[in-house]
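To keep things clear, I will list the structure first and then write my remarks on it.
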Amino acid sequence: MKPDVSSSVLIPFVISLLFSFLWATSAHTHEEFLQCLTIHAGNSTSSISQVIYTPVNSSYSSVLEFSIRNLRFSTPATPKPLVIITPLHVSQIQASIKCSQKHGMQIRVRSGGHDYEGLSYVAYAPFVIIDLINLRSINVDVENGTAWVETGATLGEVYYTIAEKSRNFGFPAGLCPTVGVGGHFSGGGYGTLLRKYGIAADNIVDAQMIDVKGRILDRESMGEDLFWAIRGGGGASFGVIVAWKIKLVHVPSTVTVFTVNRNLEQNPTKLVHRWQYVANKLDEDLFISVELSAANSSQEGGRTIQALFYCLYLGGIDNLLSLMQESFPELGLVREDCSEMSWIESTLYFAGFPSGEPLDVLLSRTPLTRPDFFKAKSDYVTEPIPEVGLEGIWERFYQKGTEEASLVLIPYGGRMSEIPESAIPFPHRVGNIYKILYYVSWEEEGIAESERHISWIRRLYSYMAAYVSKSPRAAYINYRDLDIGTNSKKGNTSYRRASTWGTKYFKSNFNKLVHVKTMVDPTNFFKNEQSIPALSS
Ligand SMILES: Cc1cc2nc3c(=O)[nH]c(=O)nc-3n(C[C@H](O)[C@H](O)[C@H](O)COP(=O)(O)OP(=O)(O)OC[C@H]3O[C@@H](n4cnc5c(N)ncnc54)[C@H](O)[C@@H]3O)c2cc1C
Ligand SMILES: *[C@@H]1O[C@H](CO)[C@@H](O)[C@H](O)[C@H]1NC(C)=O
Ligand SMILES: *[C@@H]1O[C@H](CO)[C@@H](O)[C@H](O)[C@H]1NC(C)=O
Ligand SMILES: *[C@@H]1O[C@H](CO)[C@@H](O)[C@H](O)[C@H]1NC(C)=O
Ligand SMILES: *[C@@H]1O[C@H](CO)[C@@H](O)[C@H](O)[C@H]1NC(C)=O
Ligand SMILES: *[C@@H]1O[C@H](CO)[C@@H](O)[C@H](O)[C@H]1NC(C)=O
């Protein structure tokens, strides 16, 4: 279609008019919103003004940016919140919910800020961020093997605090210590212990949350349906989760890790192909994941495919070597590849810290590597991919502009296959050999760069269609991907529209999620581009 000259002259003018109008309305709304907060925040020991940031506060930008992990959502064009609230008390969350409803603001709840599509800090309507960074206490009850964890805590803080109390307890959650437990547990949450103990959401025994009416609920008062929904259905559709009670899991005093690198000169096609036949059938104490990426080859200027096999074994080297000899001799593992350590040291190892780092690096909320721009997608594999299929992936890695791309293959089986599909909303259980994370990142700013990388990963994803799960083509909600379908940008949706992405994340559990949503938030107040729809709205 040929653009018409008169409208292209007029449009900028109309847009700027529109913006000044919107700005004036929202400034007005936000004044009233602030007044409302002061009235409703109650008499907690700290005054609410200490936890409110608006653009006039000099620290507004640093508070906003502190937990942004994807620079795609930190550009001048990214919509910014009118207000950021960093509550110290539950009463301040209750006031924020009440006042947001009264003054027509949307809420974004942020824990660790690792959402792949920025949903915890970006919205396309006037909005406030409730950033839980100050609510992160952790209470470990060693006697009962449980812990209460406030949702502003990170995985690193959880692992560290458990290890302080006992080296024989751990928790089956993700590898990256700066991930927040608010988003991670409510979306599932897997790590190196998943084949032994399932995912984080499988190991939650109670929760405290605030609903749309501002009520503080626990498992008993929220009822089993809502408690079911927040363990894997994504927290953001149902309210603000304040704390989780988790069941700790047993870990031995000694675990073994290895990372072995095989590049194309050592024929990883056969190895990766073979890995697909063993990865989900191995002893459940054994987790071997594969990361595929492009690397420089030994020939000048040449490219190769590198396959990193990395492993956690819940036991010592000797047992691991004999297990590997039995089940995956093709990898050629030798004793020198392996290191014994404590489970808590293994969390540092998988997070990428050099050996010998003190454990308290787990407490840092600043990631090991600087945030960059990235796009990710996910798939589930139920039948081994033939060698020719794998070779097609390598070809795409040799294309220009894929320097920072990787595929991570995460093995299932073990405990994952024993838990029924409907136990919690996370449905990806028996029948899956492994999950794929596709990931591409870049450092250059600008739309053109961004589009180039995103279109590369989308082409790879469409190539993979033939080899992965079908009807639905399943996806993992914690690897948030707005390409698979969305509600409207403002969160408006219908059951039908939301089903396109909802059945990919939740399969048939989607219907029960809609049912729960309709019961607990019938006016669809808690909404975003991928929130569960309420039938009445
Ligand atoms: C570097 C990196 C490594 C990762 N590694 C893993 C991994 O090993 N395993 C894995 O399973 N996943 C992993 N992920 C994905 C991660 O699990 C998800 O991005 C997860 O949702 C992040 O949680 P968060 O609290 O940090 O995110 P946020 O961006 O704060 O929140 C994510 C979503 O949850 C909502 N939410 C957050 N807190 C609450 C709350 N208290 N109440 C209600 N809703 C809430 C937000 O509104 C948003 O919709 C990784 C992500 C990154 C960026
Ligand atoms: C706050 O404290 C004052 C005096 O102690 C009391 O009169 C008022 O009702 C309290 N307000 C709230 C919201 O609790
Ligand atoms: C932000 O600025 C307002 C107005 O000056 C002030 O009342 C508030 O205390 C400031 N917030 C913080 C967290 O300092
Ligand atoms: C263990 O749990 C029981 C029952 O909930 C409780 O009474 C007891 O106080 C707990 N133990 C500790 C050390 O908190
Ligand atoms: C790979 O090679 C390119 C160009 O040949 C070079 O710029 C780059 O630094 C190399 N990367 C690594 C990790 O060695
Ligand atoms: C959202 O849905 C309501 C009810 O269907 C409708 O009235 C409203 O116009 C919609 N808003 C947007 C932005 O689509």
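Remember, it's 1-based here, ligands and their atoms both numbered in the order they're listed. Just so it is clear, the structure is predicted and the values come from calculations on it, not from any experiment.
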Does the side chain of Y197 pick up a donor-acceptor pair with the side chain of E284 at under 3.5 Å?
no

Under 3.5 Å, is there a donor-acceptor pair between the H114 and T178 side chains?
yes

Is it the case that atom CD in E220 sees more than 12 heavy atoms from other parts of the structure closer than 6.0 Å?
no

Answer yes or no: does atom CD of E445 have more than 12 heavy-atom neighbours from other residues, nucleotides or ligands under 6.0 Å?
no

Contact between ligand 1 and [X] is defined here as a heavy atom of the residue under 4.0 Å from a ligand atom; is it met?
X	result
H184	yes
G188	no
G239	yes
R480	yes
G191	no
F238	no

On the ring face of [Y], is [X] found with NZ or CZ under 6.0 Å from the centre and within 45° of the axis?
X	Y	result
R69	Y121	no
K377	Y438	no
K375	Y116	no
K435	Y479	yes

I want to know if ligand 1 touches [X] in the polar sense, i.e. an N/O pair below 3.5 angstrom.
X	result
C176	no
F374	no
R69	no
V179	no
V240	no
R110	no
G113	yes
Y190	yes
T178	no
R108	no

Consider every N or O of [X] and every N or O of ligand 3, then say whether any pair is closer than 3.5 Å.
X	result
I52	yes
S49	yes
Y53	no

Within 4.0 Å of [atom] (strictly less), any protein heavy atom?
atom	value
atom 13 (C) of ligand 3	yes
atom 15 (C) of ligand 1	yes
atom 5 (O) of ligand 3	no

With rounding to the nearest 0.5 Å, note down the distance linking [atom1] in [X] to [atom2] in [Y].
X	Y	atom1	atom2	result
S186	R231	OG	CZ	12.5 Å
Y434	L409	OH	CG	5.5 Å
E157	D360	CD	CG	12.0 Å

Do W343 and F169 have ring centres separated by under 6.0 Å?
no

Ligand-residue contact atoms, ligand 1 with [X], heavy atoms, under 4.0 Å:
X	result
T151	41 (N)
G112	24 (P), 25 (O), 26 (O), 30 (O)
G174	7 (C), 8 (O), 9 (N)
Y476	10 (C), 11 (O)

Side chains of L88 and L135: closer than 4.5 Å at any heavy-atom pair?
no

Close side-chain approach of S378 to I436, heavy-atom, < 4.5 Å:
no

Got the closest protein heavy atom to atom 2 (O) of ligand 3, with its distance?
N57 ND2, 2.3 Å

Around atom 22 (C) of ligand 1, find the nearest protein heavy atom and jot down its residue, atom name and distance.
H114 CB, 3.7 Å

Run through Y159, Y160, F185 and flag the one making a ring-ring contact (aromatic ring centres under 6.0 Å, His included) with F171.
F185

Does L286 offer a backbone N or O that forms a donor-acceptor pair with the side chain of R195 under 3.5 Å?
yes

Note: ligand 3 atoms sitting under 4.0 Å from heavy atoms of Q50 are 13 (C)

